[in-house]
Amino acid sequence: MANDIAHWRAQIFAKLLLVVFILGLATAVPSVLLAVSEGMWSIAIVDSVALVWVGVIWRWRSLAYTARVVNFLAVAFVLGIALLLKVGPVSQIYLMAVPVLAALLLGLRPALWTLVMAGLAVMVLGFEDNANLHLEGLPDYGFLKAAIISINFMFMTAVLTLSCAVLLQHLERSLDKLSLLNAELRLTSAAVARLNDMVLIAEVDKNADHPATAQHIIFVNEAFERRTGYRRDEVIGQNLRLLRGPGTEPSVVEEIERHMARSEPVRAELLNYTKSGEAYWVETELVPFADEGGVNTHWVAVERDITERKKSQDDIHRLAFFDVLTGLPNRRLLMDRIDKLLASSERGGTYSAVMFIDLDRFKTINDARGHAIGDALLCNAAARLSKLMRKADTVARIGGDEFVVLLGHLSHELAGATHAALTVAEKIRSAIGQDFDIEGQTYNSTASIGVTMLPRGEAGQQTAHDLLREADTAMYRAKSDGRNGIAFFESEMQAQVERRLTLERDLAAAMAANELQMHVQAQVDRNARVIGGELLMRWPQADGGMVPPNVFIPVAEESGLIVELGAWALRQACEAVLRLQAAGLAMPLSVNVSPTQFRQHDFVEQVQRVLADTGAPARLLVLEVTEGLLIDKMDDTIARMHQLTEMGLRFSIDDFGTGYSSMAYLKKMPLYELKIDRSFVMDTPEDASSKALVQSILAMAGHLGLRVVAEGVETQAQADFLIAHDCSSMQGYLYARPVPLPALIQRLQGGTAVAAA
């Protein structure tokens, strides 16, 4: 800052020299001419020398600044002395100017020296003139008058000199501080300009009509320009609302403006827009700045781009609450909305509905065509469901091919709400039933829909889990009734589900306690001789009754217990064959194998282990499978059957004619026998259609060289019809009921012959 003062003094001195030289020309020339005309040659010489001297100093700019100033002060001092000697005390004003000029141009110390010199000159050189002055009110003492005049001269000159010097010193210190502030300001400005955060400074307009428009931008940094696409000159003077757009939440804007109206700092997250219209999220902090009087004059806004953070939050939210494939709400969000629907329905006295939707045949399409087609079908189904719903309703996917629809506030009357729910369910069934066009191929699926109404019973009794379970139960009723249907939940359905769960639990316990038994139903030839048997599972109860197989076998299938149950049955069959052999009654025994058990990846190894563990002859075991086994992966199934037949096992198709009857698989499969289903046998020989079907099966089996067993033979007329058409084996109550193996052995050893198989 000392350099700044020196520069300032140099500029002042240059201008002062020019002014003095011009004024000197204007005054000195007339003064010299007048002095010459009056014969005052000394004054003329002094004025001329002084003018020339000033002119030399003014032109000699290469001379050092201090030397030029000293020469200038010397001119003034010499001129003052000369005038003091020639003109008298009035010329003391010239000497007064020298210390003041020294203070301005050189500083305090040179000023003090010139002050002393001027004072001495006035005291010594002006003594005689000052002593002869007449001063009213003072004694006529020459020395006293000279001293008083000299002291007053020194006092006034010192006041002027010191004032100028002190003023310049304070100015220099102030400039030093200002320089530091400017340096800090430059550093701050440079730092702010290069911040990654966006910075805006707005000036408060006190004359604005509304507080929201009372700010005008006066500064933005480079980060702001980079992120928004606006140049600085485009936003200067604009309002802070410049960056807001259609997606900016009004509630957030109102909160910000409320704080700004009270001159309070505020922090918020809001959506801004770039110059090109791109939306981005910022975390903004607005801070007011007030002047010394406490009046808010500026706002500083620091904004951080949080678009990626918001995107991550949205992604996390979507993963937590929405299905990734379809974009629909998932189970978690669904349960929350059911809870809210329950509460609002109870408060408002309205009835609502929960629908559970399962896509029929989806698994078949998914397995046959692949997951990509399956996913596309699910997305198409989700889109169709969403189009049917109101904005207040919810469509959710809770897994696999299962969707749930919430219909809120249908009616204040249960009957009206039920009718409305049925109408929507029919629309859903119709929409899903339309063909799906995926990658140029047409696929068809239907929907089984279960519906439950809410609220029901006392407030607070139903929960979201209850409602979902009820709708699921109703959906299974619709599916069991033939699919592509609608069923409303009834309390009896829940009772059935609970009985089924109880049965599943009891079955697992019975298996663990080894309570299940295997009975044998004999198979006979046309002469009623026992030539084999079928092992049938029985579950005795403590009261002496039995749980029918058609009751507990489906439960085992659905619960997965069938795999363990099938393995137990296979071992029981091996042990039964060995017991018959030991009794001298060797004959083949059939045992049922479920599709689930057969499709186990290690089924062949399981059979090998059981045969090896028991030592049972494989040739006396017949594995009964249903036609349903052939629907999926026929080639793999046939290959596995060949592996088992190579071990000596034989295969029988159970309930033939009721399922996937096809000549194609009969030719490919290594079969031993066909079993005609009892539903065909029971109507013969009275029913012509049943007669024709049984005759066709027998003829076909004869051509293919397959053994045939007719099940469910209960009358002699049925037996005579079968014998007349060359049926090789029969099984039914006419000949024998299922009995424990010891009872069969006892019967056979009692005299009934066993024919060779």
Of all the heavy-atom pairs spanning [X] and [Y], show the shortest one and how long it is.
X      : Y      : value
Ala447 : Ile357 : CB-CG2, 4.0 Å
Glu234 : Gly229 : OE1-O, 4.2 Å
Phe403 : Ala382 : CE2-CB, 4.0 Å
Ile432 : Phe436 : O-CE1, 3.4 Å
Thr326 : Leu378 : CG2-O, 4.1 Å
Ala471 : Val354 : CB-O, 3.8 Å

Salt-bridge present ([X], [Y]; N to O < 4.0 Å):
X      : Y      : result
Asp360 : Lys479 : yes
Asp466 : Arg469 : yes
Lys311 : Asp315 : yes
Glu264 : Arg258 : no
Arg241 : Glu257 : yes

| query | Using 30° and 60° as the class limits, which term best fits the ring planes of Phe603 and Phe598: parallel, tilted or perpendicular? | reply |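 Phe603 vs Phe598 ring planes: tilted.
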Distance from [X] atom [atom1] to [Y] atom [atom2], nearest 0.5 Å?
X      : Y      : atom1 : atom2 : result
Leu359 : Ile365 : CG    : CD1   : 8.5 Å
Glu203 : Asn296 : CD    : CG    : 11.0 Å
Trp281 : Gln313 : CH2   : CD    : 9.5 Å
Ile449 : Glu426 : CD1   : CD    : 7.5 Å
Ser312 : Glu308 : OG    : CD    : 6.5 Å
Asp602 : Arg609 : CG    : CZ    : 6.0 Å

| Are Thr446 and Arg429 close enough, and set up right, to give a side-chain contact (heavy atoms from CB on, under 4.5 Å), and what steps lead you there? | CA-CA 7 Å; Thr446 54; Arg429 193 171 67 87; over 6 Å; no
Any heavy-atom pair between the side chains of [Y] and [X] that's under 4.5 Å?
X      : Y      : result
Thr394 : Val405 : no
Thr473 : Phe356 : no
Met260 : Ile256 : yes
Asn239 : Ile217 : no
Arg331 : Leu468 : yes
Met389 : Val424 : yes
Tyr230 : Phe224 : yes
Glu303 : Arg227 : no

[X] side chain to [Y] main-chain N or O, any donor-acceptor pair under 3.5 Å?
X      : Y      : result
Asn221 : Val199 : yes
Ser345 : Leu342 : no
Asn330 : Leu333 : yes
Tyr273 : Gly247 : yes
Arg318 : Val324 : no
Asp393 : Arg390 : yes
Glu558 : Val555 : no
Thr442 : Asp437 : no
Gln597 : Gly566 : yes
His216 : Val204 : no

| request: Could you walk me through whether Thr274 and Ser276 pass the side chain to side chain donor-acceptor pair (under 3.5 Å) test, one step at a time? | output: CA-CA 5 Å; Thr274 65; Ser276 62; 3.1 Å; yes
Has [X] got more than 12 heavy atoms of other residues, nucleotides or ligands less than 6.0 Å from its [atom1]?
X      : atom1 : result
Glu605 : CD    : yes
Arg304 : CZ    : no
Lys340 : NZ    : no
Arg384 : CZ    : yes
Gln600 : CD    : yes

| message | Let's go through Arg361 and Arg483 carefully: what are the C-alpha distance in whole Å and the side-chain angles of both, what is the deciding distance for side-chain contact (heavy atoms from CB on, under 4.5 Å) to 0.1 Å, and is it a yes or a no? | response | CA-CA 10 Å; Arg361 296 184 63 251; Arg483 302 182 179 181; 4.3 Å; yes
| query | Step by step, would you call Cys379 with Leu325 a side-chain contact (heavy atoms from CB on, under 4.5 Å)? | reply | CA-CA 7 Å; Cys379 290; Leu325 176 63; 3.8 Å; yes
| request: Show your reasoning for whether side-chain contact (heavy atoms from CB on, under 4.5 Å) applies to Val266 and Glu285. | output: CA-CA 6 Å; Val266 59; Glu285 184 171 7; over 6 Å; no
| task | Walk me through it: do Glu269 and Lys310 pass the test salt bridge (charged side-chain N to carboxylate O under 4.0 Å, His left out)? | result | CA-CA 10 Å; Glu269 294 181 0; Lys310 277 287 186 180; 3.2 Å; yes
